[in-house]
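To keep things clear, I will list the structure first and then write my remarks on it.
Note that the structure is predicted; figures quoted are calculated from it, not measured. Proteins get letters first, then strands, A, B, ... in listed order; numbering begins at 1 in each. These numbers come from the heavy atoms of this one structure, side chains and all, not from hydrogens, waters or symmetry mates.
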2 protein chains.
Amino acid sequence: MTRKTDARARAIATAVRLFRIQGYTATGLTQILEESGAPKGSFYFHFPRGKTQLAEEAIDHYVEARIAVLRNISADTTGDALGFTRQIFSTFAAEMVASDFQYGCLMQNLANELAALDFELTKRVAHGFAESTEVIADHFKGCGFGLARASSTAAALVAALEGARTIARLERTPAIFEALADVSVQRWAAPKA
Amino acid sequence: MTRKTDARARAIATAVRLFRIQGYTATGLTQILEESGAPKGSFYFHFPRGKTQLAEEAIDHYVEARIAVLRNISADTTGDALGFTRQIFSTFAAEMVASDFQYGCLMQNLANELAALDFELTKRVAHGFAESTEVIADHFKGCGFGLARASSTAAALVAALEGARTIARLERTPAIFEALADVSVQRWAAPKA
DNA sequence: GCCATACTATGGTGATCACCATAGATACGT
DNA sequence: ACGTATCTATGGTGATCACCATAGTATGGC
């Protein structure tokens with residue numbers, strides 16, 4: 001039952017990377033196998049359901065990592081809505097700069113290719129967004145926001161984050177994150193309504 | 001010099017529709033021709049540079065239409081930053097509901113497939129976003145916003161709009177637009193800083 | 001030593017991809 | 001009516017797509 005090679009894990013990691021850069025449809029199995037160094041012969045041994053299964057596991061990994069990042073930021077800024085918002089924007093911006101603006105959000109890429117996705121995959125993408133929003137809403141609740149305001153602010157923040165990624169990739173500068181941080185911190189996440 | 005058929009125009013219109021629903025890579029030429037009813041034989045007569053040229057003309061059409069919508073809303077709400085913002089969100093939300101949440105933003109879809117795009121196409125996408133942002137910023141300036149605030153608010157609004165589209169497609173409800181409208185109207189576009 | 005499990009190599013399937021060469025049809029101005 | 005420009009049909013190119021059948025190797029427990 002124990003794994004003997006890391007070919008499987010490498011394939012998933014490479015899939016995450018390429019799906020983020022190129023999208024789901026634009027990324028072929030051959031490219032994933034080549035770039036990961038995983039052998040072509042054993043792909044359907046590791047992933048009997050093929051590309052779909054690989055994508056499912058890729059998004060699971062991505063969502064998990066993203067939630068962890070959000071939880072860390074939340075823990076670092078307990079009770080501080082402004083600091084939380086600011087740090088989310090700066091963290092996402094830093095990620096983009098580090099990758100030279102090549103990486104998009106895997107959930108967003110898949111969400112914009114819904115026509116190519118089966119139900120199971122769609123569900124996972126939706127769940128990833130819901131979970132992200134929930135973590136953020138929980139933080140705002142911990143800052144004394146009312147239920148409704150915490151939820152709508154969190155939803156707005158997630159949407160803004162996704163949109164910012166798209167814009168930043170095009171402009172190849174983190175300026176949009178700073179603009180959003182300014183606007184949001186001063187107006188959205190203000191401690192008083 | 002005068003056109004004799006509408007095959008060209010129909011191909012472009014269908015390309016816009018399919019690129020918005022499925023994305024650029026996922027949409028094949030054959031599907032575009034089939035669904036538009038345009039004859040396959042004359043595709044490279046109308047578009048000598050192939051799929052790339054078709055995409056260029058598709059995005060030109062899309063951007064033009066989007067700018068027109070924004071200008072109309074701007075004219076309808078002169079001097080009213082709150083009303084402007086509110087109406088933008090409600091218009092975009094209504095569009096999505098009308099299409100049963102099938103349509104994404106063409107610029108956003110292309111921006112998330114940058115790896116598959118040549119320089120010319122990338123430039124047009126970037127220009128589309130820049131122009132949208134400018135129209136919005138101009139409106140805010142007309143509401144008495146300072147230059148810097150008008151620009152950053154406009155950029156934030158565009159990003160939020162794009163992100164909202166992604167989320168709405170997944171959730172199949174316009175709730176995210178309402179959340180953003182609430183948060184934005186109350187905090188972003190407030191007449192005083 | 002033996003066998004089951006884990007893994008890989010090889011060589012293909014048919015389908016679809018964007019693209020194009022050649023030829024034929026249609027319609028307009030003059 | 002003749003020539004030219006606009007448009008379309010046909011049949012194909014090689015490349016790549018996801019996927020798979022078959023066979024083989026490696027490695028562990030017993």
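The interatomic distance linking A:Phe43 (CZ) with D:dC17 (C1') rounds to 13 Å, in whole Å. One interatomic measurement links the two molecules: CD of A:Gln31 to C1' of D:dA18, which rounds to 15 Å at whole-angstrom precision. In this structure, CG of B:Leu33 is placed 13 Å from C1' of D:dC7, rounded to the nearest angstrom. One interatomic measurement links the two molecules: CG of B:Asp6 to C1' of D:dT8, which rounds to 14 Å at whole-angstrom precision. The nearest whole Å value for the distance from the CG atom in B:Leu117 to the P atom in C:dA18 is 14 Å.
In this view, A:Asp118 satisfies the salt bridge (charged side-chain N to carboxylate O under 4.0 Å, His left out) rule with no residue, not counting sequence neighbours. For A:Arg86, there are no salt bridge (charged side-chain N to carboxylate O under 4.0 Å, His left out) partners, not counting sequence neighbours. For B:Glu131, there are no salt bridge (charged side-chain N to carboxylate O under 4.0 Å, His left out) partners, not counting sequence neighbours. B:Thr25 is linked by a side-chain hydrogen bond (donor to acceptor under 3.5 Å, both in side chains) to B:Glu113, counting only residues two or more places apart in sequence or in another chain. Partners of A:Ala38 by side-chain contact (heavy atoms from CB on, under 4.5 Å), not counting sequence neighbours, listed by chain and number: A:Ala7, A:Arg10, A:Leu33, A:Ser36. In terms of the side-chain contact (heavy atoms from CB on, under 4.5 Å) criterion, B:Thr78 has no residue partners (sequence neighbours excluded). Under the rule for a salt bridge (charged side-chain N to carboxylate O under 4.0 Å, His left out), the partners of A:Arg8 that lie at least two apart in sequence or sit in another chain are A:Glu57.
Pairs passing the salt bridge (Lys or Arg N to Asp or Glu O under 4.0 Å) check and including a residue from residues 15-43 of chain A, sequence neighbours excluded, read A:Arg17-A:Glu35, A:Glu34-A:Lys40. Among residue pairs with one or both ends in residues 63-83 of chain B, those qualifying as salt bridge (Lys or Arg N to Asp or Glu O under 4.0 Å) are B:Arg66-B:Glu162; sequence neighbours excluded.
The stretch residues 34-42 of chain A has no heavy atom under 4.0 angstrom from DNA chain D at all. Sorted by residue number, the members of residues 44-52 of chain B with any non-hydrogen atom under 4.0 Å from DNA chain D read B:Phe45, B:His46.
When atom types are taken as modelled, the side chain of B:Thr27 and the backbone of B:Gly23 share a donor-acceptor pair closer than 3.5 angstrom.
Residue-level contact check: B:Thr25 touches neither bases nor backbone, having no heavy atom under 4.0 Å from any strand.
Comparing D:dA18, C:dA18, D:dC17 by their closest approach to the side chain of A:Leu29 singles out D:dA18.
The rotation axes computed at either terminus of the helix from C:dG1-D:dC30 to C:dT30-D:dA1 lie 10° apart, taking five pairs at each end and rounding to 10 degrees.
Tracing side-chain contacts under 4.5 Å through hydrophobic residues (I, L, V, M, F, W, Y), one reaches A:Phe101 starting from B:Val125; they form part of the same cluster.
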